[in-house]
Amino acid sequence: MSSYWAMSGYAAYVWPSVGLTVALLVANVLWARQLAREARAEARRRIASQDAS
Amino acid sequence: MNWVWFHRFGSPPYFYSVAGRIVPWLAWPAALLMVAGLYGGLVLAPPDYQQSDAARIMYVHVPAAYVGLMAYVVMAVAAAIGLVWRLKVSHAVAAACAPIGASFTAVCLVTGMLWGQPMWGTWWAWDPRLVSMLVLLFFFLGYLGLRGAIDDTARADRASAVLAVVGVVNVPIVHFSVIWWNSLHQGPSLLRKGGPAMPASMWVPLVLMIFGFTFYFYAVMLMRARAEVMRRERGGQWVREVLNATGDKP
Amino acid sequence: MLEVSGLHLWRGERHVLKGLSLHLGAGQALQLLWPNGAGKTSLLRAVAGLLPSESGHISWCGLAVSADPLAYCRKLAYLGHELALKGDLTVLENLHYSLGLRGGVPAAQLQATLQQTGLQPLANELVRHLSAGQKRRVALARLGLWRAQLWLLDEPVANLDAAGQQLVAAAIDAHLQAGGCALIATHQPLTLASPGNRLWQQPQEPA
Amino acid sequence: MLEVSGLHLWRGERHVLKGLSLHLGAGQALQLLWPNGAGKTSLLRAVAGLLPSESGHISWCGLAVSADPLAYCRKLAYLGHELALKGDLTVLENLHYSLGLRGGVPAAQLQATLQQTGLQPLANELVRHLSAGQKRRVALARLGLWRAQLWLLDEPVANLDAAGQQLVAAAIDAHLQAGGCALIATHQPLTLASPGNRLWQQPQEPA
Amino acid sequence: MSTPATAWSAAALVVQRDLRLAFRRPGEWLQPVAFFLIVTLLFPLALDPEPARLRTLAPAALWVAALLASVLAVEFLFREDGRDGTLEQYALSGQSFAWLLLAKTLTHWLLTGLPLVVAAPLAAMVLGAPAASIPGVLAALLLGSLSLSLLGAVGAGLTLGVRRGGALLSLIVLPLAIPTLVFGARATDLAIRAEPMDGSLYLLAALAVLALTLAPLAAAAAVRISLE
Amino acid sequence: MSTPATAWSAAALVVQRDLRLAFRRPGEWLQPVAFFLIVTLLFPLALDPEPARLRTLAPAALWVAALLASVLAVEFLFREDGRDGTLEQYALSGQSFAWLLLAKTLTHWLLTGLPLVVAAPLAAMVLGAPAASIPGVLAALLLGSLSLSLLGAVGAGLTLGVRRGGALLSLIVLPLAIPTLVFGARATDLAIRAEPMDGSLYLLAALAVLALTLAPLAAAAAVRISLE
Ligand code: HEM
Ligand SMILES: Nc1ncnc2c1ncn2[C@@H]1O[C@H](COP(=O)(O)OP(=O)(O)OP(=O)(O)O)[C@@H](O)[C@H]1O
Ligand SMILES: Nc1ncnc2c1ncn2[C@@H]1O[C@H](COP(=O)(O)OP(=O)(O)OP(=O)(O)O)[C@@H](O)[C@H]1O
Ligand SMILES: [Mg+2]
Ligand SMILES: [Mg+2]
């Protein structure tokens with residue numbers, strides 16, 4: 001198993017590549033969801049205040 | 001030619017609801033394909049006879065490169081449509097492409113450098129393919145910078161759209177640079193006359209990854225575009241209806 | 001001529017104008033005397049098209065301003081807290097550049113206005129070298145020369161001495177007489193001779 | 001406390017102050033009501049030491065200010081046309097940094113002043129997001145907290161609504177009562193309760 | 001009604017006006033040349049001035065300096081005319097907007113690009129280029145600076161309405177300018193080594209022609225947007 | 001009466017304030033680094049990228065890029081604080097004006113000079129400098145960028161009230177900066193060739209100390225004049 005993780009000596013190149021990619025994939029999803037949440041929250045606040053007046 | 005669907009899709013409420021329905025159909029296949037592709041590429045595929053296990057970087061490098069380029073093309077096409085037909089939705093799509101495309105381009109560059117160090121003995125070389133990919137990143141950053149620097153959304157849309165369209169000349173340069181100039185970088189090995197230059201156990205995971213990344217790109221892009229469309233129309237009647245329909249679910 | 005109805009305006013998270021409506025006919029002036037932070041500047045900027053409004057309707061001579069924003073822009077003159085004068089240009093150069101945008105004015109008229117606003121001796125002075133009130137006077141001269149129909153004035157008498165304040169009032173009166181209209185934010189009510197002059201004390205009350 | 005005599009001041013080619021003299025004792029305020037461009041701002045800046053004067057003498061408590069400029073600076077507070085507020089900092093941050101240079105104030109006092117000037121709900125707002133009058137109020141709050149003996153105020157009531165103008169007058173009265181003195185350039189005479197209040201209409205007449 | 005001006009006479013008017021303005025304010029067009037000369041002069045100071053070594057760097061130093069000078073200069077191409085409404089009037093003049101902007105850009109090149117070319121012999125000598133290479137260096141810079149001005153016009157149009165536009169402008173223009181930089185420096189290198197440089201010059205000429213046809217269109221679209 | 005702030009606490013406040021402002025507006029301090037990186041990147045593109053040749057150019061390219069980046073950045077050092085009255089209040093604060101401006105200048109260096117130093121390894125690698133030379137390159141750039149910021153402050157003070165100050169600023173600062181440039185590039189050259197570089201570093205340090213003592217006084221005098 002450890003020989004697998006060692007990637008025949010290229011571990012220092014392979015795993016950072018994979019790690020960086022996966023991290024960016026996850027971050028992009030979270031970022032998009034955050035934007036959607038913000039957009040909805042803002043719209044909701046505005047509509048509520050507009051209805052109140 | 002029936003243009004009705006085109007105009008329908010250009011209306012924000014229609015786009016918002018249809019895109020919302022499409023996203024899961026893209027996201028789940030994307031996740032499955034990427035898991036399968038990564039497993040196939042990192043575990044099942046045999047080490048390359050020349051590059052040994054370093055070749056496994058291919059499974060993230062190549063799809064990231066393809067999707068970075070594709071993101072630019074999608075962005076430029078959406079921007080051009082927005083310029084010509086003045087469709088807000090189209091501009092929102094272009095704006096959504098840029099950050100994702102920039103991150104894929106950055107992934108391609110970084111993984112390429114991490115691959116280059118063991119293979120070529122250098123992190124970076126002033127090679128046409130590498131430089132043109134770096135220029136692609138600059139175009140993405142310039143697009144984002146220009147969009148951020150203009151306060152008025154409509155003007156930001158149109159100005160950045162011009163830049164997106166101008167920058168599209170760079171895409172064929174990236175792709176054909178290995179053919180036009182003699183390059184350090186590898187030529188095409190997948191889509192070439194006579195079929196892929198590697199065994200199926202190597203190219204099948206690569207193809208899975210490419211499709212997975214592509215689906216992923218469209219899924220996240222549509223998510224961003226929906227948020228963008230809603231942000232622009234936050235006071236509008238259809239937003240009110242959409243929010244009432246979804247209740248207080250976040 | 002100007003008709004605003006049901007205007008809602010947000011500044012950041014603050015709901016500043018809540019469904020405001022107002023009407024301005026030819027020869028009319030409306031002075032907003034609202035307290036600090038009530039939304040005078042915001043309203044003027046929204047009417048000028050500088051701030052997008054969430055909802056509400058603004059029309060000019062019966063036509064929605066969004067229908068032809070460029071034509072509408074040519075009809076209005078906005079004078080804000082910031083005077084849009086370049087300190088590194090002289091008074092004349094500043095006037096030349098900003099009037100050029102609207103087609104320019106004959107030299108004789110320019111001279112007459114300079115005379116009137118007391119800027120004659122300063123015409124070739126850099127604006128950076130003027131006192132606060134003198135800068136205001138330059139902005140005032142420009143306003144008169146633009147020949148717009150709708151004046152949007154944000155505290156036009158700030159920094160002006162007594163003579164300057166009378167100058168402003170006279171300019172507005174002349175503008176109204178010529179069939180123009182004016183929306184004015186101020187903390188010192190101007191005494192205008194025109195019958196079409198109204199004051200508006202609080203945003204909650206109707207105009 | 002403040003004694004100015006024979007002050008000559010040139011701005012560019014313009015001889016603005018021609019041998020001006022004035023005296024301000026403890027508890028006294030002098031309001032300059034000179035017309036635009038007469039040299040109010042120039043005088044205040046010269047007294048603050050920001051403009052070098054050609055000739056003339058300025059002394060504080062009998063001592064020439066040029067003898068120990070730093071000590072004199074600590075005694076004075078200057079509020080000019082430019083408010084020295086950073087748009088990208090909040091109200092509290094702005095106050096914190098500008099008061100810190102003079103030794104800072106206790107938190108309780110800060111809160112009390114914010115309350116008084118109506119800035120409490122805006123304490124954590126970026127100054128960029130404030131209206132013109134709200135910005136003025138921040139500058140006013142800072143002025144009160146500096147606890148200087150000599151106030152040099154350049155149009156302190158510009159942009160302020162009626163309530164704000166009373167606030168300024170009250171602040172000046174309190175300052176005079178505490179033995180301070182104030183030199184004020186303004187176009188709207190402030191009604192002060194203190195007996196030491198004087199108006200000065202034209203630079204040609206003596207104060 | 002006066003008859004509308006022909007395209008040529010309209011362009012001539014634009015060129016004349018900009019030239020006259022420039023002669024009133026020489027600071028504006030002297031600045032890029034000064035910058036170009038200062039930057040190239042800094043190189044011999046920063047390197048130890050051994051001629052052979054300097055000479056190998058000359059192409060890079062010349063072209064980077066020219067590129068930076070032209071990007072800094074182009075910032076002012078449309079700035080003032082945009083502010084004072086002249087561009088608006090051009091857009092409404094009934095002449096092809098792209099054509100008028102092309103005239104403006106070429107005048108700008110006459111005023112800021114051509115002086116670079118004129119100053120280039122001095123800069124090249126300072127950097128140790130042999131006298132025989134000067135014609136080649138000039139030819140490359142002539143074609144290259146033309147492309148750079150045209151590409152800069154696109155960037156200047158896009159950043160016209162932007163507050164602190166300078167940094168953004170360089171981010172936009174530099175990627176576009178890379179091919180010109182690469183081929184221009186290569187041509188200069190060949191000239192200094194006294195090798196045949198026709199190929200590179202043809203490429204530079206091709207780039208200039210491409211820029212000449214496409215850049216005015218893009219610039220016109222960009223300027224129109226910021227006038228809206 | 002409250003006790004006046006000590007000189008140190010006053011300086012700390014100035015530093016904190018400018019750092020906080022900078023974090024609210026990252027564009028401002030990212031711009032010089034971006035410029036520095038782009039300019040160094042242009043050099044390999046303009047040369048043919050043969051490592052040995054690139055390496056000889058590296059010191060000059062690094063230092064010219066750093067100098068230009070720092071001159072472009074320093075333009076904004078006093079601009080905004082001058083416009084909104086903050087400098088006036090500093091002058092009246094009862095603290096030594098030169099001392100407060102020194103604090104401001106050092107913060108500016110932290111925000112624009114230090115990032116150059118941080119980015120320098122990348123730039124040096126791009127230009128083909130061997131990894132072993134990086135510490136030396138960094139040390140030279142650290143000392144040099146400090147001097148450049150301080151000299152820039154004098155120029156920024158002098159051009160504070162001047163129309164279109166940018167060009168004038170570079171004309172004032174570049175001559176002042178030549179010694180730093182020369183010794184800095186020499187130190188870098190020695191580092192890249194793996195030769196002992198102590199002498200040059202001492203000289204750079206001496207220049208930095210000189211700038212540290214004299215530049216704030218000159219800057220304070222200059223700013224005072226433009227406040228008038
Ligand atoms: C920073 C360095 C690198 C960059 C910027 C880069 C960029 C790219 C790009 C843009 C593509 C997609 C081009 C297209 O098909 O349109 C690509 C594909 C590819 N790259 Fe890289 N690359 C780098 C380093 C490397 C290294 C070191 C290797 C291996 C030794 C490599 C191997 C490949 C392979 C095998 C492909 C797929 C080619 C195909 O099938 O079409 N790359 N790279
Ligand atoms: N930097 C300068 N250079 C040359 N002249 C100047 C400069 N600053 C002011 N002046 C001139 O000095 C005179 C006095 O200006 P000052 O700003 O002191 O007037 P003021 O009384 O404050 O006027 P206001 O009521 O308009 O604020 C004015 O005529 C002005 O044009
Ligand atoms: N950019 C902004 N972001 C967030 N809030 C803002 C912004 N600009 C203004 N505000 C807020 O909106 C409200 C109205 O501001 P506005 O400038 O319109 O007031 P005003 O009536 O002109 O006041 P003044 O008499 O002080 O000029 C204020 O409470 C202010 O804090
Ligand atoms: Mg206001
Ligand atoms: Mg004044």
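No experiment lies behind these values; they were computed from the predicted model shown.
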Salt bridge check: are C/E125 and D/R14 linked by an N-O gap of less than 4.0 Å? yes
If you take all heavy atoms of C/N159 and D/E155, which pair is closest and at what distance? OD1-OE1, 3.0 Å
Atom group of D/R137 that falls short of 4.5 Å from chain C, counting heavy atoms: side chain
Need one label for C/H81: side chain, backbone, both or neither, based on atoms under 4.5 Å from any heavy atom in chain D. side chain
Interface moiety of C/L160 toward chain D, non-hydrogen atoms closer than 4.5 Å: both
Check whether any side-chain N or O of D/N36 sits under 3.5 Å from a backbone N or O of C/D161 as a donor-acceptor pair, and report yes or no. yes
Under 4.5 Å, counting heavy-atom pairs only, tell me which of C/G37, C/A162, C/G118 racks up the most with chain D. C/G37
Could you give the distance from CD (D/Q188) to CD (C/Q165), rounded to the nearest 0.5 Å? 6.5 Å
